[in-house]
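What follows is a set of notes on a single structure, which appears directly below.
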Amino acid sequence: MRRYGKHTDEDDIRSRPNRKGNRPRTNIRPKHEDAAEGMVLTVDRGRLTCLVEDRTIMAMKARELGRKAAVVGDRVALVGDLSGKKDTLARIVRIEERGSVLRRTADDDDPFERVVVANADQLAIVTALADPEPRPRLIDRCLVAAFDGGLEPLLVMTKSDLAPPDKLLELYGHLDIPYVVTSREELESGGAADRVRAHLDGRITAFVGHSGVGKTTLVNALVPQERRRTTGHVNAVTGRGRHTTTSALALPLSDDGGWVIDTPGVRSFGLAHIDPSRVIHAFPDLESGTEGCPRACSHDEPDCALDAWVEEGHADPARLYSLRRLLATRERREGD
């Protein structure tokens, strides 16, 4: 049945706009030259907490950014309500170019890389000397990710009251990687935190480590005004700890301009996003030995010069094993 007669007055007809064709589209995006600069402190279900000058701002990503996501440490441009008052929401309209990026994949078969932290100067790799046992292969993976992403590594060994650091220092002490050894008693007294803090002054440092190593306990000692929940429990059967940190969070160090970024505990550190030819750069004790390798050497073949390099005593055999394992394996889970 026709609703209108043959001769209708178009002004009397209600027409709905065609969303697909009526509104003109353009690829030109506003520049937002008056946007305020800020730093992303944490991300939680699409809401980003940012620091703008001395105010904490809640914000969301603008639709025009598409799939590009902001992560902790990102420098961003914000518009909207920047008062920081309760129930206000700003909008992130631009993510500035990153100076460094810490990436990982869920495992070595996962094609999707995840940016963990942006613009950090340093990666503090936290490992316990006991309870749970150290995992050198995971440490090596973190070193590879640090060198590849433009971060300087720092090795922090905890729980020295339970086991000495000698074994790990044999593997890493001669690589010119700064390290700090701490114990539970020293953390409680503040001495260990002071030694770690000496490496953090004026820098942005991301802390990474598998669950149960005391990473968040250490962060709490460094930034006591912003204590995060910890449990300290380690499964007696698996030797692994529980996740006590569920999201990355940037915390300011007092008076020195530095920042600590606490990240969730990891049980694997996939490197699917890293070109295998760059992995050798994380092993400076072995890299010099590759000069005698044949062209396009995989470092795991009969003519590889690294075997002779290690036999001559220039590097520890365990280091060559670590390199070859990283190059060859694409395991879904870390077994160490």
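For the single chain, residues carry numbers from 1 onward in sequence order.
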Within the supplied structure, the quantity of interest is the number of heavy atoms (other residues, nucleotides, ligands) at a distance under 6.0 Å from E312 CD; does it exceed 12?
yes

State whether R47 and D44 are salt-bridged, where the test is any N-O pair (Lys NZ or Arg NE/NH1/NH2 against Asp/Glu carboxylate O) under 4.0 Å.
no

Could you grab the distance from atom CD of E186 to atom CG of D194, nearest 0.5 Å is fine?
10.5 Å

What distance do H299 atom NE2 and S277 atom OG have between them, rounded to the nearest 0.5 Å?
8.5 Å

L154 side chain near L200 side chain, heavy-atom distance below 4.5 Å:
yes

Matching residue for W259 among L253, I204, D121 - test: side chain to side chain contact (heavy atoms under 4.5 Å, CB included)
I204

Are the side chain of K215 and the backbone of T263 linked by a donor-acceptor contact shorter than 3.5 Å?
yes

E291 atom CD, over 12 foreign heavy atoms within 6.0 Å
no

Sub-3.5 Å donor-acceptor pair from the side chain of R75 to the main-chain atoms of E37, do we have one?
no

Is D74 salt-bridged to K68, cutoff N-O under 4.0 Å?
no

Test item: T88 and I57 side chains (from C-beta on) under 4.5 Å apart, heavy atoms
no

For M58, does its backbone N or O pair with a side-chain atom of T49 as donor and acceptor, under 3.5 Å?
no

Any donor and acceptor pair, going by atom type alone, linking the side chain of N119 with main-chain N or O of R98 inside 3.5 Å?
no

Side-chain donor or acceptor of T205 paired with backbone N/O of A124 under 3.5 Å:
no

Starting at OG1 of T217, measure out to CZ of R184 and round the result to the nearest 0.5 Å.
9.0 Å

CG (L129) and CG (L162) are apart, to the nearest 0.5 Å, by 8.5 Å

Minimal non-hydrogen separation, C142 against I125, with atom names
CB-CD1, 3.7 Å

Side-chain contact test, heavy atoms from C-beta onward, threshold under 4.5 Å: evaluate it for V71 versus V116 and give yes or no.
no

Can you confirm whether C293 sits close enough to T290 that some side-chain heavy atom of one is under 4.5 Å from a side-chain heavy atom of the other?
yes

On a heavy-atom basis, the closest approach of V223 and P252 is CG1-O, 3.6 Å

Should I274 and F147 count as side-chain neighbours, where that means a heavy-atom distance under 4.5 Å?
no

Is there side-chain contact between P134 and K167, with heavy atoms separated by less than 4.5 Å?
no

Can a donor-acceptor pair be found, under 3.5 Å and without considering hydrogens, that links the side chain of R55 to the backbone of L82?
yes

So, does T127 use its side chain to make a donor-acceptor pair with the main chain of M157 at under 3.5 Å?
no

R319 and D140, any side-chain heavy atoms less than 4.5 Å apart
yes

Please report the closest heavy-atom contact between V126 and V213, naming both atoms and the distance.
O-CG2, 3.7 Å

Which value, rounded to the nearest 0.5 Å, describes the distance between M39 atom CE and E96 atom CD?
14.0 Å

Please test L143 against I177 for side-chain contact (heavy atoms from CB on, under 4.5 Å), starting from the C-alpha separation and ending with a verdict.
CA-CA 10 Å; L143 288 175; I177 297 174; 3.8 Å; yes

Lys/Arg N to Asp/Glu carboxylate O, E64 vs R91, below 4.0 Å:
yes

Judged by modelled atom types alone, do D285 and Y172 share a side-chain donor-acceptor pair under 3.5 Å?
no

Does R141 reach the main-chain N or O of F269 with its side chain, forming a donor-acceptor pair under 3.5 Å?
yes

Is it true that a side-chain atom of S322 and a backbone atom of R137 form a donor plus acceptor pair closer than 3.5 Å?
no

Any L89 side-chain heavy atom under 4.5 Å of D81 side chain:
no

A318 versus D316, closest heavy-atom pair with distance
N-OD1, 2.7 Å

Going from CG on L155 to CG on L123, what distance comes out if it is rounded to the nearest 0.5 angstrom?
10.0 Å

Flag, side chain of E185 to backbone of D161, donor-acceptor distance under 3.5 Å
no

Go through the side-chain N and O atoms of D300 and S298 and say whether any donor and acceptor fall under 3.5 Å apart.
no

